[in-house]
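Just so it is clear: chains get the letters A, B, ... in the order the sequence lines come, proteins before strands, and each one is counted from 1.
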2 protein chains.
Amino acid sequence: MPRPPTMADLAAHVGVSRQLVSLVLRDAPGASDETRRRVREAARELGFSPHVAARSLRRARSKDLGVIFAPAHSTEPEIVEAIYPAAAERGYDVMLSAQTATRSTDQAVEELLGHRCAALIVIGSDLKHTGLRAVAERSLVPVVDVGYGRRNQFYDVVRSSGDRGIEELVDYLAELGHRQITYVDPASMPPGPLRRRGYERAVKRLELAGDIVSMPGDYTEGNYFEEVGAAAARTLLERRELPTAVVAPNDHAAVGLLHTLIRNGVRIPDDVSVAGFDDALIARLSSVDLTSVRQDPGLMGVSAVEAAVRRVEGQEMRPRETVVETSLVVRSSTAAPRKRG
Amino acid sequence: MPRPPTMADLAAHVGVSRQLVSLVLRDAPGASDETRRRVREAARELGFSPHVAARSLRRARSKDLGVIFAPAHSTEPEIVEAIYPAAAERGYDVMLSAQTATRSTDQAVEELLGHRCAALIVIGSDLKHTGLRAVAERSLVPVVDVGYGRRNQFYDVVRSSGDRGIEELVDYLAELGHRQITYVDPASMPPGPLRRRGYERAVKRLELAGDIVSMPGDYTEGNYFEEVGAAAARTLLERRELPTAVVAPNDHAAVGLLHTLIRNGVRIPDDVSVAGFDDALIARLSSVDLTSVRQDPGLMGVSAVEAAVRRVEGQEMRPRETVVETSLVVRSSTAAPRKRG
DNA sequence: TCATGGAACTGGCACGTGCTAGTCGCTGTC
DNA sequence: GACAGCGACTAGCACGTGCCAGTTCCATGA
C-alpha cells in the first residue's frame, strides 16, 4: 500500500518547489495564476490531502475545538451537530472524543490535549464542579461546560434556563385554570435544583398551594426516570384527591407517570394534566403527545463555540455564563381542569 | 498562556537527554529504574501529554481507526461505544468524525484521511455502494461499512442478519398459533429488502398465506416511520378481517401501527399481536412493551474493529462480510391468537 | 593491563508542513 | 546604465517526536 502523496510529491509532479505548492494550497499570495491552476490540478489528480498532524505541529496555535460528549445521551447529538457549522464559520475544526461507560471524561480530555486543541467543550459531563475545575486548570486551555453548571471563574458555562422554562410551564397551567399543580422532583438529577427553583418561584408569585413530591435515588441514564415517574404516580394515587396537574422536570419521568395514571383509570388530560421537560423523542410520540419544555440544542452548540472562540482569541479571558432560552411546547397531555363536582 | 511542556522540557527538568525521556514514556528498554521514576514524576508534575501530531508524523503507519457516524441516528452511538474498548484492546486509537445534515460523508472522510487514519469505519452511511467504493478507492486504506451493504471486493461489510431475525420472529408467531401474519414493508428503508426476504422465506417454509402491505415513500429519519405504521394500520382496518399478527421491520413503524390499532378499539395482543425490529428505546417503554428483534450493536462495533485491524495488519487483504446474529426479544405485544368465533 | 560486553545514556536525522528571509529576473525611472 | 521595485519563486529552519547508531562508563574475565 503506497503512502499518500505529500506536497513534495506534488511539487515534483508539477516541476516547482515544495514551498510554492504550500503557498498555493494555503491561498497565500505569491504565485501566478497558471501555477496555481497546475498545482491544484495535480493535487486533485494525485488525491492529495494535507497531513493535519504536520500542519498542526508546525502551527503554533491550533484551530481545533475539542468536544467531549456521551453518545449514549439523547440530547447531546443535536448539540454536536450544531457545533460543526458554528465552528466552521469561525475557521475552526472540530475534534470529537466520546465519554462512555468504559471511557472516562479524563481519558477523553487527555486525548484532546494530546491533539493540542485550542479549547475544550464538555457536553453533559458527569463531572462536578471540582472535576471541571481540575480539567480547566490542568489543560491550560479554555474549557466550556455545556450542561448544568453555575457561573464561576474557571470555565465557561452554557446552560438552558431550566428555571424559567418550568416557571413558564406553571404559568401556562395556571392560566388554564389549574390551582393544584404538583411537582415531581427526582432529587439527584443534576439540573434538578435549578428547575425546582422555577416551580417554587411560580408557586409563590401565583400564590398557589405548592406540592412537591420528592423522589430520592441515584441518577442513572435511561429507563430509570420512567420508574421514578411511575413511583410518583403511585404516591399520588394513594392520596384522597389527585391534583389537577402534575409537572415532572424530565420527559421520561413524565411518561412513566402518565402511563401509570392511565393504567389506573385516570384520564389524561381530562382528570389530570401532565407535563414534562426536555421535549425528548418520546414526548413527541403520537401516543404520548406530552406537553414539554424544549431546550434549544442548536443554540447551545453555537453558544458553546462562541464562548470557546471568544476566549481562544483572547478578546475576553474571564469565563462567562450563557443562558439559552427554553420554549414551551404545548401538546395534548395538558388542558383546562374539569370542574369537579 | 504558556505552551504545553514537551519532552525537551521534561528532560531539562530532570537533567537528562530528551531521547531518554522518550524511551521512558514509550516503555522501551534502556533506562534505569531510578531514571524512569524521576522522568515519570516530572511528567506528572509538569502535566505533560505527548503531542500526538508529532508522534503520528514521525511514525510511518498510524494507529488510528477513523470512525464516521451520524449522531442523530439512534443505534449508532451504541456501536461507537463498543468500538472504543475493542480498538484499545488491539492497540488502536479512535478518531471520530460526524456526518450530519450540514456535513457530508465526504467531508468526514476527508478529515480522517487528513489525520492519516489506518482504516475507516463508516457506520450507517447514506452512501450507496458506488459511494463507498469511491471512498475505498480514493483513500488507499481499508474501509469497513457497518450497515446494510452486501459482500463485495472493495470494502468490508458488517451487518446484522436481518433476514434471519425476521424469520425467527415469524417462526415464533407461528409457534404461538398464528397463521395470518401480515408484513408491513416500508419500501425505501435501506435494510428493507433483506428483512423482507426473511419474511418470505418463513412464509414459504411454514406454508402460510403471506400478506405484504407495501408502503411507498422516501426514507427519512425520525417520526416518519411512525406515520408509515399508522398508515399501514389504517389500510388494515379498512379490510373485512384483521390478521392475527402484524410484523413491521422497524420499531417506530410498529409503534405507530400499535397505537393506531388501539385507538380504533383493537386490543393488543388479544385481537392482534404486533412485533417490530431494532429493539429501540421506545420498544422498551413500559407503555409500549413491544416484541422486537434486537441487533447487537456491541458485537457490530467489535466486528468492525476486527475487520479493520485484520486488513490494516495485512493478514488478509480481501474484504469480507461479517454477519452479526440478531436475537428475539419477546414482550407483551405478542401472544397466542384468540380463538375466533 | 587490557579487551569484552552490556547497561545507560546521547547525537542526529527524519516525518510533512508553515513561514521568514531570501534570490532571480524583469520593468520602469532618473 | 545604475538601481529601486515588484512579481514569482526557492532555501532553509522550526515544530515535537521516534528510532537508529553511536558513546561513555563500569564490571568482568583472562
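- Distance from the side chain of A:Phe48 is smallest to C:dT17 among C:dT17, C:dT10, D:dG16.
- Residue B:Thr35 has no polar side-chain atom (N or O) positioned under 4.0 Å from OP1 or OP2 of C:dA8.
- By the 30° and 60° cut-offs, the orientation of the rings of A:Phe69 relative to B:Phe69 is parallel.
- Atom pair B:Met7:CE and C:dT10:P shows a separation of 14 Å (rounding to whole Å applied).
- The distance from atom CG of B:Leu23 to atom C1' of D:dC20 is 12 Å, rounded to the nearest whole Å.
- Residue A:Gln19 contributes atom CD, which lies 20 Å from atom P of D:dG7 at whole-angstrom precision.
- Taking only side-chain atoms of A:Ser17, from C-beta outward, the nucleotide of C:dT17, D:dT10, D:dC19 with the closest atom is D:dT10.
- One interatomic measurement links the two molecules: NE2 of B:His115 to P of C:dG16, which rounds to 16 Å at whole-angstrom precision.
- Per the geometry, CZ belonging to A:Arg55 stands 16 Å off C1' belonging to C:dC15, to the nearest Å.
- The nearest heavy atom of DNA chain C to B:Arg116 and to B:Arg18 marks one nucleotide each, and the one closer to the 5' end goes with B:Arg18.
- In this structure, a donor-acceptor pair under 3.5 Å is absent between the side chains of B:Thr322 and B:Arg159.
- Close to D:dA14, at under 4.0 Å from its OP1 or OP2, lies no side-chain N or O of A:Arg59.
- In this structure, A:His51 atom NE2 and C:dG18 atom C1' are separated by 15 Å, rounded to whole Å.
- Between the C1' atom of C:dC9 and the CZ atom of B:Arg36 lies a distance of 12 Å, rounded to the nearest Å.
- Side-chain contact check for B:Ser22 and B:Arg26: at least one donor-acceptor pair (N or O, by modelled atom type) lies under 3.5 Å.
- At a threshold of 4.0 angstrom between heavy atoms, the contacts of A:Pro29 with the nucleic acid are absent.
- Comparing D:dG18, C:dT17, D:dC9 by their closest approach to the side chain of A:Arg58 singles out C:dT17.
- Side-chain contact annotation: B:Asp126 with B:Thr105, donor-acceptor N/O pair under 3.5 Å present.
- Applying the 4.0 Å criterion to OP1 and OP2 of C:dC15, one finds that A:Thr6 has every side-chain N and O outside that range.
- The pair A:Arg138-A:Glu110 meets the salt-bridge criterion, since a charged nitrogen lies less than 4.0 angstrom from a carboxylate oxygen.
- Close to D:dT17, at under 4.0 Å from its OP1 or OP2, lies no side-chain N or O of B:Ser22.
- Among D:dC19, D:dC9, D:dG16, the nucleotide with an atom closest to any side-chain atom of A:Ser32 is D:dC9.
- Rounded to an integer number of Å, the gap from CG of A:Leu20 to P of C:dA21 is 19 Å.
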